[in-house]
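Report on the following structure.
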Number of protein chains: 2
Amino acid sequence: METKYRCNCPFTSALDVLGDKWMLVIIKQMLLENKETFKDFTESDEAIATNILSSKLKQLEEYGLVTKSKLPNNKKSIYYHLTDKALDLTPVILELGIWSDKHLREAHPTIVDDDGMQLLRTDKAEFGRVIEGKYREKLAAIMAISH
Amino acid sequence: METKYRCNCPFTSALDVLGDKWMLVIIKQMLLENKETFKDFTESDEAIATNILSSKLKQLEEYGLVTKSKLPNNKKSIYYHLTDKALDLTPVILELGIWSDKHLREAHPTIVDDDGMQLLRTDKAEFGRVIEGKYREKLAAIMAISH
DNA sequence: ACTTTTGCTTGCATAATACAAGTAATAACG
DNA sequence: CGTTATTACTTGTATTATGCAAGCAAAAGT
């Protein structure tokens with residue numbers, strides 16, 4: 001893969017990497033929904049096809065947004081996790097959620113509105129700290145035992 | 001057009017609307033680069049094809065992100081502008097820019113780094129206020145004379 | 001041993017995007 | 001007034017991205 005950047009605009013360049021149907025969704029699933037393995041992703045609500053998932057995970061790796069590891073007690077499963085570069089996309093994802101919460105409910109009334117969304121609405125920074133903290137904890141645990 | 005939302009996740013739903021190669025780029029061009037007419041867009045660095053531009057502008061209208069107007073002294077040009085719903089995407093666009101600034105320069109060294117980017121880096125909130133303020137001013141001027 | 005699970009790949013269908021050309025309605029110019 | 005240029009598109013075709021179904025090898029479970 002060799003990304004063709006459309007131009008020198010930083011905003012457009014970000015979208016050259018992330019502007020498709022799946023990249024940010026997969027990152028969100030890892031960050032917010034504890035998805036770690038191939039199977040986890042295939043079972044998610046978004047129902048990504050396995051060939052797309054496979055190719056997107058490869059792209060994410062090439063961009064340095066995702067790394068893989070195996071756990072010693074499980075030779076079958078591969079664990080995917082986010083790098084710091086991907087964790088720095090947290091604000092982008094949060095802002096998308098805030099916008100969605102405010103503007104998409106009219107067209108799409110069944111969008112979830114749980115405690116998490118309420119926290120995001122009332123204290124975005126705290127929401128960000130909480131999820132990033134949780135993710136880093138989990139990551140540390142996995143890294144400690146993976147090889 | 002009838003958007004198929006993949007699921008009830010607010011983040012994914014935002015990407016059902018915005019997650020493609022062009023939607024956020026066009027919004028950015030209007031917000032940050034004073035693009036207003038069909039011609040403006042075709043002449044931009046991103047070099048969008050006219051058929052894509054046409055279909056994306058239609059989508060943006062249908063989503064309530066863009067409206068059109070004509071100026072009394074010009075029967076040829078159609079002026080496209082952002083709605084409040086689209087202006088609320090400013091934080092998303094800024095966060096994409098911040099991420100790009102921090103992480104994409106290595107892979108794509110020619111990304112611009114001007115006064116605007118410096119302000120974005122050092123004072124995101126101020127950057128947001130400035131560009132949104134400027135846009136609203138311009139919009140008010142156009143609205144005052146359009147029919 | 002046999003079956004199931006996991007992490008993929010392959011083949012084919014459809015949808016999104018790209019490129020080139022053409023068109024109708026203005027507007028500008030001689 | 002007639003000719004040319006500009007603007008906002010559409011149409012046709014090629015290429016790329018995504019979707020769906022099936023298959024497959026390695027590991028795990030029974």
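Below, read A as the first sequence line, B as the second, and so on, with proteins coming before strands; counting in each chain starts at 1.
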Salt bridge (charged side-chain N to carboxylate O under 4.0 Å, His left out) contacts in which one or both residues fall within residues 86-98 of chain A, not counting sequence neighbours: A:D88-B:K102, A:E95-A:K124
Contacts of A:H103 that satisfy ring pair (Phe, Tyr, Trp, His ring centres under 6.0 Å) - sequence neighbours left out: A:W99
Flag, side chain of A:Y135 to backbone of A:L82, donor-acceptor distance under 3.5 Å: yes
Main-chain N/O of A:R6 paired to A:D16 side chain as donor or acceptor, under 3.5 Å: yes
Distance, rounded to the nearest Å, where A:D40 contributes CG and C:dC8 contributes P: 13 Å
Touch class at under 4.0 angstrom, heavy-atom based, for A:Y80 against every strand present: sugar-phosphate
Sugar-phosphate, base or nothing in reach of A:T42, heavy atoms under 4.0 Å: nothing
Sugar-phosphate only, base, or nothing, as touched by A:T37 at under 4.0 Å among non-hydrogen atoms: sugar-phosphate
Between P of C:dG7 and CG of A:L53, the distance in whole Å: 10 Å
C:dT9 phosphate, OP1 or OP2, under 4.0 Å from A:S54 side-chain N/O: yes
Nearest-angstrom distance from the residue atom CD1 of A:I52 to C1' of C:dT10: 13 Å
Distance in angstrom units between B:K58 NZ and C:dT17 P, rounded: 15 Å
Residues touching DNA chain C, which here means a heavy atom under 4.0 Å, drawn from residues 5-26 of chain B: B:D20, B:K21, B:W22
Rounded distance (Å) that lies between atom P of C:dG7 and atom CG of A:L57: 10 Å
Annotated protein contacts, base or backbone, on nucleotides 19-30 of chain C with a non-hydrogen cut-off under 4.0 Å, one of B, S, - each: B-B----BS---
Parallel, tilted or perpendicular: rings of A:H108 and B:Y5 (30°, 60°): parallel
CD1-CG distance between B:I26 and B:L18, expressed to the nearest 0.5 angstrom: 11.5 Å
Worked verdict on B:K76 versus B:K39 for side-chain contact (heavy atoms from CB on, under 4.5 Å): CA-CA 11 Å; B:K76 193 157 52 164; B:K39 181 136 190 291; over 6 Å; no
Between C:dG7 (C1') and A:K56 (NZ): distance, integer Å: 19 Å
Short N-O contact, B:R129 and B:E126, less than 4.0 angstrom: yes
Test salt bridge (charged side-chain N to carboxylate O under 4.0 Å, His left out) applied to A:K138 - qualifying residues, sequence neighbours left out: A:E36
Rounded distance (nearest 0.5 Å) linking atom CG of A:L53 with atom OG1 of A:T42: 7.0 Å
Along DNA chain D, first and last positions that approach a heavy atom of chain A under 4.0 Å: D:dT18 to D:dA28
Steps toward side-chain contact (heavy atoms from CB on, under 4.5 Å) verdict (B:D101, B:R105): CA-CA 6 Å; B:D101 180 55; B:R105 294 194 181 280; 2.7 Å; yes
